[in-house]
Protein chains: 2
Amino acid sequence: MHKTLQHIRVLLGAQGHFWTQARAAVLTVLTTHPRPLRAEEIHRALQNRHINLSSVYRALRLFETLNIVRRVTLGKGAPRYELADGYRDHHHHLVCDTCGRIEDVTTCPVEAGRLPQQIQRRTGFAVRSHVLDLFGLCRSCRRRGVSTTESG
Amino acid sequence: MHKTLQHIRVLLGAQGHFWTQARAAVLTVLTTHPRPLRAEEIHRALQNRHINLSSVYRALRLFETLNIVRRVTLGKGAPRYELADGYRDHHHHLVCDTCGRIEDVTTCPVEAGRLPQQIQRRTGFAVRSHVLDLFGLCRSCRRRGVSTTESG
DNA sequence: TGGCAAATTGCAAATAATTTGCAAATCTAT
DNA sequence: ATAGATTTGCAAATTATTTGCAATTTGCCA
Ligand SMILES: [Mn+2]
Ligand SMILES: [Mn+2]
Ligand SMILES: [Zn+2]
Ligand SMILES: [Zn+2]
């Protein structure tokens, strides 16, 4: 079993949660695919495993609570899920307004600029995490001269 | 009429859209209330005006397309809407994991760090806008020593 | 290696959030 | 004021997610 999965398995146990077929399967899909997936997509990836969509939702909800997975809402449609910081590299997203493609960026202007400390000092708010997504035109759409009315 | 509304009214006209009761009302609520509101909340604020919830959704959808309003998805529940950059100051959010309170911050590490230019140069992706939300504990929740298992 | 109690799952039905068809009402430009 | 195009209200339809409950799985320990 993957090191990350093993780690999560122990964490679940320590919190009194079971290591089940459904949960293991969902986590495997998430560690395998490198991009944020919708509940439906995760479920589809489980085709043969005979796991109900409800269980996918339940697993995701639990993982979100335990900070193992984070919900990402980009552009249109249902939210997506991906492994949270700590189970993969801290990163942000580049979302193309035209084709919807999602790329990752690992540069983080929040940490780099020490924004959390600055905010804590100035407002008393203790920042624990953040979400940063950048919208625009990906290289191929830009080349093609595509324009868009999309929000961002 | 508010300067911003007048401006938007002209914009709509130029694009072949009508300036209607429903649209004006929704915009008024958004310019009046300084925080991101749910479709339902906007509708409720229109109590007496006899405007259907469907029309609120339709207005929001149009405004989003025209970049007049942006959708903000913070924490649990339905998405919220607020005036987009250009119709109010560029800003980001501090969301308390415990009480759900939302504060604004106007410091922007993205612009400050010239991240858009850097990304464009390195990846070819042309950044046009971004969303940054910070999660953690607001001052009062921190004082009260509240803890949380919430994701962020 | 069972065997039991507690936790979890599948399934179907319930909710929540948002969208849509269409006739009536509203709006913009004569 | 009128005509034509757009928008609205309302009810019904969709889409996304949650929930109750009996059956099944899992963790623990004799
Ligand atoms: Mn990602
Ligand atoms: Mn805001
Ligand atoms: Zn970051
Ligand atoms: Zn910014």
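Below, chain A is the first sequence line, B the second, and so on; all start at residue 1.
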Notebook entry, point to check: Once you round to the nearest 0.5 Å, how far does CZ of A:R101 lie from SG of A:C141?
Noted result: 8.5 Å
Margin query: Between B:R61 and A:I51, which residue's closest nucleotide on DNA chain C lies nearer the 5′ terminus?
Written below: A:I51
Review item, nucleotides 27-30 of chain D N/O atoms under 3.5 Å of protein N/O:
residue : atom : partner : partner atom : Å
D:dG27  : OP1  : A:W19   : N            : 3.1

For [X] and [N], give me the distance from atom [atom1] to atom [atom2], rounded to whole Å.
X	N	atom1	atom2	answer
A:H50	D:dA23	NE2	P	15 Å
A:L46	C:dT9	CG	C1'	13 Å
B:H43	C:dT18	NE2	C1'	14 Å
B:I42	C:dT18	CD1	P	11 Å
A:L60	C:dT9	CG	C1'	15 Å
B:E40	C:dT15	CD	C1'	14 Å
A:R49	C:dG10	CZ	P	11 Å
A:E64	D:dT18	CD	C1'	14 Å

Note to self: Among residues at least two apart in sequence or on other chains, which ones pass salt bridge (charged side-chain N to carboxylate O under 4.0 Å, His left out) with A:D104?
What the structure shows: A:R88
With sequence neighbours excluded, tell me which residues meet side-chain contact (heavy atoms from CB on, under 4.5 Å) with [X].
X	answer
A:T106	A:D89, A:H91
A:E40	A:H43, A:R44, A:L53
B:R38	B:E41, B:A78, B:R80

Check: Should side-chain heavy atoms under 4.5 Å link Ile, Leu, Val, Met, Phe, Trp and Tyr, which residues sit in the same cluster as B:L134?
Finding: A:L94, A:V105, A:V110, A:L115, A:I119, A:F125, A:V127, A:L132, A:L134, B:L94, B:V105, B:V110, B:L115, B:I119, B:F125, B:V127, B:L132
Check: Using a side-chain heavy atom cutoff under 4.5 Å and only I, L, V, M, F, W and Y, what cluster partners does A:V10 have?
Finding: none
Notebook entry, point to check: Which ring-ring contact (aromatic ring centres under 6.0 Å, His included) pairs, counting each pair once, include a residue from residues 47-72 of chain A, with sequence neighbours left out?
Noted result: none
Next item on the list: With sequence neighbours excluded, give me every salt bridge (charged side-chain N to carboxylate O under 4.0 Å, His left out) pair touching residues 12-26 of chain B.
Entry: none
Check: With sequence neighbours excluded, what pairs up with B:E103 under the side-chain hydrogen bond (donor to acceptor under 3.5 Å, both in side chains) test?
Finding: none
Checklist line | Pair A:S129, A:R70: side-chain N/O donor-acceptor within cut-off below 3.5 Å | finding: no
Next item on the list: Work out how much the helix from C:dT1-D:dA30 to C:dT30-D:dA1 bends between its end axes, five pairs an end, to the nearest 10 degrees.
Entry: 50°
Heteroatom pairs (N/O) under 3.5 angstrom, protein to nucleotides 11-15 of chain D:
residue : atom : partner : partner atom : Å
D:dA11  : N6   : B:S54   : OG           : 3.3

Item checked: Residue whose closest nucleotide on DNA chain D lies nearer the 5' end, B:R23 versus A:Y57 -> B:R23
Next item on the list: Return the nearest nucleotide to the side chain of B:Q21; candidates are D:dT18, C:dC27, C:dC22.
Entry: C:dC27
